[in-house]
Amino acid sequence: MTGERRIGVLGMGTHLPPTVRTNAEVALGAGVTAEWIIERTGVLKRHVAADDEAASDLAAHAVRAAADAAGVDVADIGLLVCGTSTPDELGPSTACRIQTAVGARAAVALDVSAACSGWLFAAKVAHDWLRGSPEIRYAAVVGVEAYSKFLDPTDRGTAVLFADGAAAAILGPVPGGQGFTHFGLGSDGALADRVLIPAGGSRSPASASTLGDRAHCIRMDGRTIGRFITDTFPRLITDALGRSGLSIEDIDCFVAHQPNPVLLRRMGADLGIPADRLVVVGDEVGNIGAASAPYALARAVSAHPLRPGDRVLVAVFGAGMTWGSALLTWSGAPAVTSVATDRPSESDRPSESEGAPQ
């Protein structure tokens, strides 16, 4: 029966743009020190898209890598769902841009906007779609952010954390006992103004005033967001374990959104999660929003390493406010990383006066 179709991960792919922005560079603009950034956040570096790169460009690399890992022709992808809060444009959907870039002509393409929770929300959409539409065999689910386009370099609360990147999964039928179960998603719109990009939408269209106020940059109430995270993450873990009838000891790998490596490690320790079972990647990539959790999942495939039958608990939270969790019994899917060769950091690039090409 259609309702018994199990859906899981067949392949993972990631992509980071080549330019690296160091803590020293970020600290200079934000009025802090590199040591302050490490002490407060644990972030060591972040990747930054080029001026001519948009979210869809990063996502297309990740989708291709995931399809390669799964051994799936992109022409056979019937659904493409993109989770992002930094779309190429307000319309059309960034998923349509990705669809064209990768050649997934047969896919239904749509975006899901749930900020840093976006990939898991998108995975839930794809999971249910595939279970109810047996004629569609494969779905691509990608999380991507190009946060660098929306940062105020003088705002230390955001400039030190947010970065760019993409991660994708190909979902499809898996044997019984594998795949996703026990999804739990939620939101609280009363906190929607605590982290947002204020201008550029229909409430506050672009104008000379919004540009002058830097209202097209991310603004975040750090204290409120910190309290939200420290309240939400333990509840997500506890509720997910309760729904599945499992304990922390039964989970082989915990994959979470990566808001701040220092905070994530502390919360994991407080919950009694063994350090070697909690995947932390924010130190090497920063907060890449909707791409954070799938990037961490892809890294767990090789670094953990995940084995067929391993239980993975995925927990996410983000602006909106939004949150979600799911249990994933691993299928043995491989991961392919698409990391471009590092370009020089921005401070290392020659200026025009130093003989840069005209």
Side-chain angles (χ1 to χ4, degrees), residues 8-9 11-16 41-47 58-59 62 65-66 69 83-84 114-124 141-145 147 161-171 180 229 232-233 236-237 240 248 251-269 271 273-307 310-318 322-331 333-339:
V9 175
M12 299 287 306
T14 69
H15 179 75
L16 299 173
T41 73
V43 177
L44 302 176
K45 63 178 182 176
R46 71 274 309 139
H47 289 251
L58 307 181
T84 187
C116 299
S117 303
W119 182 82
L120 189 61
F121 276 52
K124 171 63 169 169
V141 181
V142 59
V144 61
E145 304 294 356
Y147 279 139
L161 291 171
F162 293 103
D164 304 342
I170 301 298
L171 304 190
F180 284 101
I229 292 171
T232 300
F233 183 66
L236 283 173
I237 300 299
I248 283 178
I251 303 300
D252 299 290
C253 182
F254 293 82
V255 169
H257 172 51
Q258 309 279 314
N260 174 317
V262 169
L263 178 60
L264 184 58
R265 288 189 173 98
R266 184 169 70 240
M267 292 190 300
L271 285 167
I273 298 174
D276 62 349
R277 296 190 191 183
L278 177 64
V279 182
V280 180
V281 294
D283 46 1
E284 63 187 56
V285 298
N287 182 340
I288 52 176
S292 291
Y295 185 88
L297 180 58
R299 281 297 306 271
V301 173
S302 56
H304 189 70
L306 289 180
R307 300 163 297 181
D310 277 357
R311 293 191 182 106
V312 181
L313 200 163
V314 183
V316 296
F317 35 86
T322 59
W323 58 84
S325 63
L327 185 67
L328 174 61
T329 303
W330 195 245
S331 59
V336 171
T337 58
S338 172
V339 183

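In what follows, every heavy atom counts, from backbone to side chain, and hydrogens, waters and symmetry copies are set aside.
Side-chain contact between Cys116 and Val316: absent, with no pair of heavy atoms (C-beta onward) separated by less than 4.5 Å. The shortest side-chain heavy-atom distance between Asp310 and Thr329 does not fall under the 4.5 Å cut-off. In this structure, the side chains of Leu297 and Trp330 come closer than 4.5 Å at one or more pairs of heavy atoms.
For Arg266, the side-chain contact (heavy atoms from CB on, under 4.5 Å) test picks out Val262, Leu263, Asp270, with sequence neighbours left out. In this structure Ser331 satisfies the side-chain contact (heavy atoms from CB on, under 4.5 Å) test together with Val174, Gln178, Ala333, sequence neighbours excluded. Annotation: side-chain hydrogen bond (donor to acceptor under 3.5 Å, both in side chains) contacts of Glu145 (sequence neighbours excluded): Thr84, Ser85, Thr86. Among residues two or more places apart in sequence or in another chain, the side-chain contact (heavy atoms from CB on, under 4.5 Å) test is passed with Ala115 by Ala319. Contacts of Phe162 classified as ring-ring contact (aromatic ring centres under 6.0 Å, His included), with partners at least two apart in sequence or in another chain: Tyr147. Ala167 is linked by a side-chain contact (heavy atoms from CB on, under 4.5 Å) to Thr14, Pro294, Tyr295, counting only residues two or more places apart in sequence or in another chain.
In terms of heavy atoms, Leu236 sits closest to Ala315 at CD1-CB, 4.2 Å. Of all the heavy atoms in Glu284 and Lys45, the pair that sits closest is O-CG, 3.4 Å. Looking at every heavy atom in both residues, Gly324 comes nearest to Leu120 through C-CD2, 3.6 Å. When all heavy atoms of Ser117 and Gly318 are compared, the pair lying nearest together is OG-N, 3.3 Å. In terms of heavy-atom proximity, Pro261 sits nearest to Gly282 at CG-C, 3.4 Å. The heavy-atom pair separating Arg277 from Ile251 by the smallest distance is NH1-O, 2.9 Å.
Without hydrogens or angle criteria, Trp119 side chain to Val141 main chain gives a donor-acceptor distance under 3.5 Å. The closest donor-acceptor contact from the side chain of Gln258 to the backbone of Asp283 lies at 3.5 Å or more, if one exists at all. At least one donor-acceptor pair closer than 3.5 Å links the side chain of Ser292 to the backbone N or O of Gly289. A donor-acceptor pair under 3.5 Å links the side-chain atoms of Thr322 to the main chain of Ala114, judged by distance alone. The backbone N or O of Ala65 sits nowhere less than 3.5 Å from a side-chain atom of His15 that would complete a donor-acceptor pair.
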Give the C-alpha distance, both sets of side-chain angles, the deciding distance and a yes or no for side-chain contact (heavy atoms from CB on, under 4.5 Å) between Leu171 and Val9.
CA-CA 5 Å; Leu171 304 190; Val9 175; 3.8 Å; yes

side-chain contact (heavy atoms from CB on, under 4.5 Å) evaluation trace for Ile288 with Arg46
CA-CA 9 Å; Ile288 52 176; Arg46 71 274 309 139; over 6 Å; no

Hey, mind stepping through Ile237 and Met267 against side-chain contact (heavy atoms from CB on, under 4.5 Å) and telling me if it holds?
CA-CA 11 Å; Ile237 300 299; Met267 292 190 300; over 6 Å; no

Could you check Asp252 against Arg311 for side-chain contact (heavy atoms from CB on, under 4.5 Å), going step by step and ending with a plain yes or no?
CA-CA 5 Å; Asp252 299 290; Arg311 293 191 182 106; 3.9 Å; yes

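Distance check, rounded to the nearest 0.5 Å: SG of Cys253 to CZ of Arg299 gives 11.5 Å.
Checked options Leu264, Val312, Val255; the residue passing with Val279 is Val255 (criterion: side-chain contact (heavy atoms from CB on, under 4.5 Å)).
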